[in-house]
Colleague: 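Below you'll find the structure I mean.
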Amino acid sequence: MTEEGGKKQGMKVMGILDIQNTPCARESLLHGAGGSLVAGLVHFLATSRVKRSFDVGVAGFILTTMGSWFYCRYNNAKLRIQQRIIQDSIKNKVIYEGTNLDPTRKKTGDQ
């Protein structure tokens, strides 16, 4: 899908969520689809009630999608924080390397 300006336009769900450019969106929707299928099918096999199984499938979709979304977003945020800490550490290492403030430099008695 392309627009006239040559920019790529992602696939949108209900005109709101751009799946291609939103982190975790595609995976969450796929997990939700699988969760709804499993929940509805298991409920149908256990009770043989079609309408109620459909309702359980919809609830399974919502719960699985939201759970997968929040789990993925939390892990992405945690990863970004770790990357920022590592970048700051590398920057400090470059700044302080070879000086008296270098924490890896061994202290001798004459300093």
Side-chain angles (χ1 to χ4, degrees):
M1 295 183 181
T2 58
E3 292 179 346
E4 292 175 9
K7 293 188 226 175
K8 287 188 175 182
Q9 178 186 6
M11 181 180 161
K12 293 191 177 192
V13 174
M14 297 189 314
I16 300 171
L17 181 63
D18 186 7
I19 295 175
Q20 186 176 4
N21 297 324
T22 306
C24 303
R26 180 178 181 269
E27 292 83 9
S28 296
L29 288 173
L30 289 173
H31 289 144
S36 70
L37 183 67
V38 168
L41 188 63
V42 166
H43 189 271
F44 177 74
L45 292 175
T47 63
S48 296
R49 296 174 64 189
V50 176
K51 184 183 182 313
R52 183 65 131 178
S53 297
F54 177 79
D55 294 341
V56 169
V58 170
F61 174 78
I62 293 170
L63 291 174
T64 308
T65 301
M66 297 306 288
S68 176
W69 173 270
F70 287 123
Y71 179 76
C72 182
R73 296 294 288 199
Y74 172 77
N75 282 337
N76 280 351
K78 191 167 68 170
L79 183 66
R80 281 195 307 270
I81 290 170
Q82 289 173 348
Q83 287 174 341
R84 193 174 334 131
I85 290 171
I86 291 171
Q87 285 175 344
D88 290 343
S89 300
I90 290 172
K91 183 172 60 174
N92 287 338
K93 174 70 176 166
V94 169
I95 290 172
Y96 295 128
E97 190 172 28
T99 66
N100 290 334
L101 300 174
D102 188 2
T104 60
R105 188 173 179 185
K106 293 187 178 176
K107 304 224 184 250
T108 60
D110 60 342
Q111 289 183 351

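Note that the structure is a prediction, hence the values are computed from the model and not measured.
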Colleague: Around atom CZ of Arg73, are there more than 12 heavy atoms from other residues, nucleotides or ligands closer than 6.0 Å?
Modeller: yes

Colleague: Test of understanding: clusters of I, L, V, M, F, W, Y form through side-chain heavy atoms closer than 4.5 Å, transitively. Do Met66 and Val58 belong to the same one?
Modeller: yes

Colleague: State the CG-CD distance between Leu29 and Glu27, to the nearest 0.5 angstrom.
Modeller: 9.5 Å

Colleague: List, by chain and then residue number, the residues other than Ile81 in its hydrophobic cluster (Ile/Leu/Val/Met/Phe/Trp/Tyr, side-chain heavy atoms under 4.5 Å); write none if there are no others.
Modeller: Ile85

Colleague: Considering non-hydrogen atoms only, spot the tightest contact between Gly60 and Ala39 and give its length.
Modeller: CA-CB, 4.3 Å

Colleague: If two hydrophobic side chains count as joined below 4.5 Å and joins carry through other members, does Trp69 share a cluster with Ile62?
Modeller: yes

Colleague: Before accepting this row, confirm whether a basic side-chain N of the pair Lys51/Asp55 lies closer than 4.0 Å to the acidic partner's carboxylate O.
Modeller: yes

Colleague: Give me each pair satisfying side-chain hydrogen bond (donor to acceptor under 3.5 Å, both in side chains) with a member in residues 30-44, each pair once, sequence neighbours excluded.
Modeller: His31-Ser68, His43-Thr47, His43-Ser53

Colleague: From Arg84 CZ over to Leu79 CG, what is the distance, rounded to the nearest 0.5 angstrom?
Modeller: 11.0 Å

Colleague: Kindly compute the distance separating CG (Asn76) from OH (Tyr71), expressed to the nearest 0.5 Å.
Modeller: 11.0 Å

Colleague: To the nearest 0.5 angstrom, please state how far the CG atom of Asp88 sits from the CG atom of Asn92.
Modeller: 6.5 Å

Colleague: Report yes or no: do Phe54 and Phe61 belong to one cluster of Ile/Leu/Val/Met/Phe/Trp/Tyr joined by side chain heavy-atom distances under 4.5 Å?
Modeller: yes

